[in-house]
Visitor: 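Here it is: the structure, laid out below.
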Amino acid sequence: MNDEVARCGWAGPDQIYFDYHDTDWGVPEYDSRTLWEKLVLDGFQAGLSWITILKKRENFREAFQGFDPNIIASWGEEDVLRLLDNPGIIRHRGKIEATINNARVFQKIEQRVGFDNFLWNYVDGTPLQNNWSMLEQVPASTELSKQVSKDLRKEGFKFCGPTIVYAFMQATGLINDHLVGCHRHEAVKKLVRK
């Protein structure tokens with residue numbers, strides 16, 4: 001582990017956490033399917049620590065067929081029971097059922113406007129840039145995350161409250177919440193789609 005690098009205070013001490021922070025978190029994501037996967041994982045994280053999800057992420061990908069919403073949308077009770085029996089993931093019936101439901105909702109949004117467009121329109125296609133210097137300044141939710149959450153729920157999504165949505169927006173780079181003293185703040189700031 002390289003403790004000499006300035007990172008956001010939440011990242012660590014596990015190497016998997018450092019790697020996620022340094023290469024994935026906050027990087028603008030424009031792929032609909034990947035955005036959906038990250039929203040699902042943030043939903044599973046509700047009530048748990050992110051490191052729990054991070055350590056199980058590959059198990060989730062395997063159990064959920066690479067997070068292909070077109071496959072998951074066809075699942076039913078038999079698949080719910082199969083997943084509830086899988087110790088490699090979070091075995092929570094409500095979250096599993098929500099994922100199947102959300103795959104169907106994703107399909108409708110994707111067909112209508114594109115899931116990526118649906119989400120990126122909230123920030124006019126350009127990541128919001130925050131300049132927090134301390135973790136204590138970073139909100140758990142904002143008026144924007146409340147609006148996105150409300151709109152997702154109106155579409156039919158489940159497990160997408162304002163706090164989950166804010167964490168998702170941070171993770172997918174719709175918002176740059178790397179602290180200004182973090183080595184990733186400026187690097188992520190430059191990652192704007194041309």
Side-chain angles (χ1 to χ4, degrees), residues 6-12 17 20-54 57 67 90 92 94-95 98-99 101-102 105-106 108-110 112-193:
R7 292 185 178 90
C8 299
W10 58 262
Y17 233 157
Y20 172 70
H21 171 274
D22 293 353
T23 62
D24 196 351
W25 193 77
V27 173
E29 180 57 66
Y30 299 101
D31 178 73
S32 287
R33 187 166 153 180
T34 305
L35 285 163
W36 184 74
E37 172 183 341
K38 290 184 175 187
L39 185 57
V40 169
L41 289 173
D42 272 308
F44 269 97
Q45 187 260 330
L48 304 168
S49 65
W50 181 245
I51 191 71
T52 302
I53 302 300
L54 204 51
R57 186 159 62 166
F67 284 101
I90 305 302
H92 184 287
K95 293 176 181 181
T99 301
N101 170 77
N102 293 350
V105 177
F106 167 90
K108 291 175 187 170
I109 297 172
E110 181 68 9
R112 190 176 75 235
V113 296
F115 192 63
D116 57 335
N117 293 325
F118 178 85
L119 293 166
W120 279 97
N121 280 340
Y122 286 98
V123 294
D124 294 327
T126 303
L128 300 179
Q129 303 295 327
N130 286 324
N131 292 296
W132 314 118
S133 57
M134 299 180 303
L135 279 178
E136 297 78 26
Q137 296 173 307
V138 182
S141 66
T142 61
E143 289 305 313
L144 179 59
S145 74
K146 289 173 188 172
Q147 186 61 54
V148 176
S149 170
K150 181 180 176 183
D151 293 347
L152 284 168
R153 288 194 313 263
K154 194 184 300 179
E155 293 283 344
F157 265 87
K158 298 177 180 173
F159 276 93
C160 62
T163 302
I164 290 170
V165 168
Y166 193 75
F168 163 76
M169 293 176 79
Q170 292 172 304
T172 57
L174 280 96
I175 299 170
N176 179 7
D177 263 355
H178 281 284
L179 300 180
V180 291
C182 172
H183 80 281
R184 292 293 292 157
H185 181 81
E186 286 302 314
V188 166
K189 195 174 187 176
K190 295 174 185 171
L191 300 175
V192 178
R193 182 163 58 178

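Side chains are part of it too, since the values below use all heavy atoms of this structure and drop only hydrogens, waters and symmetry mates.
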Visitor: Should Leu144 and Val123 count as side-chain neighbours, where that means a heavy-atom distance under 4.5 Å?
Guide: yes
Visitor: What pair of heavy atoms forms the shortest contact from Leu191 to Pro28, and how long is it?
Guide: O-CG, 2.9 Å
Visitor: Classify the ring geometry between Trp36 and Phe106 as parallel (under 30°), tilted (30 to 60°) or perpendicular (over 60°).
Guide: tilted
Visitor: For the residue pair Met169 and Leu119, establish whether any side-chain heavy-atom pair is separated by less than 4.5 Å.
Guide: no
Visitor: Once you round to the nearest 0.5 Å, how far does CD1 of Ile175 lie from OH of Tyr122?
Guide: 13.0 Å
Visitor: Looking at CZ of Arg184 and CG of Asp24, how far apart are the two atoms once the value is rounded to the nearest 0.5 Å?
Guide: 9.5 Å
Visitor: Which label fits His21 and His178: parallel for a plane angle under 30°, tilted from 30 to 60°, or perpendicular past 60°?
Guide: perpendicular
Visitor: Measure the OG1-CG distance between Thr99 and Leu41 for me, rounded to the nearest 0.5 Å.
Guide: 8.5 Å
Visitor: Taking atom OG1 of Thr126 and atom CH2 of Trp120, what is their separation to the nearest 0.5 Å?
Guide: 8.0 Å
Visitor: Ignoring hydrogens, what is the shortest heavy-atom contact between Lys95 and Phe44? Give both atom names and the distance.
Guide: NZ-O, 2.9 Å
Visitor: Show the numbers, then the answer: is there a side chain to side chain contact (heavy atoms under 4.5 Å, CB included) between Gln45 and Ile90?
Guide: CA-CA 9 Å; Gln45 187 260 330; Ile90 305 302; over 6 Å; no
Visitor: Sequence neighbours left out, cut at 3.5 Å: what donor-acceptor pairs do the side chains of residues 46-54 make with other protein atoms?
Guide:
{"unit_1": "Ser49", "atom_1": "OG", "unit_2": "Thr52", "atom_2": "OG1", "d": "3.0"}

Visitor: Taking C-beta and beyond as the side chain, do Val138 and Asn130 meet within less than 4.5 Å on heavy atoms?
Guide: no
Visitor: Please report the shortest heavy-atom distance between Glu29 and Leu35, naming the atom on each side.
Guide: O-CD2, 3.5 Å
Visitor: Do Val105 and Ile109 come within less than 4.5 Å of each other through their side chains, counting heavy atoms only?
Guide: yes
Visitor: What heavy-atom pair brings Ser145 and Pro162 nearest, and what distance separates the two atoms?
Guide: OG-O, 3.1 Å
Visitor: What are the two closest non-hydrogen atoms of Cys160 and Leu152, and how far apart are they?
Guide: SG-CB, 3.8 Å
Visitor: Passes side chain to side chain contact (heavy atoms under 4.5 Å, CB included), Leu39 versus Phe157? Steps please.
Guide: CA-CA 10 Å; Leu39 185 57; Phe157 265 87; 3.8 Å; yes
Visitor: Could you measure the distance from the CG atom of Asp151 to the CG atom of Asn121? Nearest 0.5 Å is fine.
Guide: 11.5 Å
Visitor: Is the backbone of Phe115 close enough, under 3.5 Å, to the side chain of Glu110 for a donor and an acceptor to pair up by distance?
Guide: yes
Visitor: Rounded at 0.5 Å granularity, tell me how far CZ in Phe159 sits from CG in Asn102.
Guide: 9.5 Å
Visitor: Looking only at heavy atoms, what is the nearest atom pair of Gly125 and Tyr30, with distance?
Guide: O-OH, 4.3 Å
Visitor: Using modelled atom types only, decide if a donor and an acceptor are shared between the side chain of Asn101 and the backbone of Gly156 within a distance under 3.5 Å.
Guide: yes
Visitor: What residue pairs, at least two apart or across chains, pass side-chain hydrogen bond (donor to acceptor under 3.5 Å, both in side chains) with a residue in residues 155-168?
Guide: Arg112-Glu155, Tyr166-Asp177
Visitor: Measure the shortest side-chain to side-chain distance between His185 and Asn131 over non-hydrogen atoms and say whether it is less than 4.5 angstrom.
Guide: yes
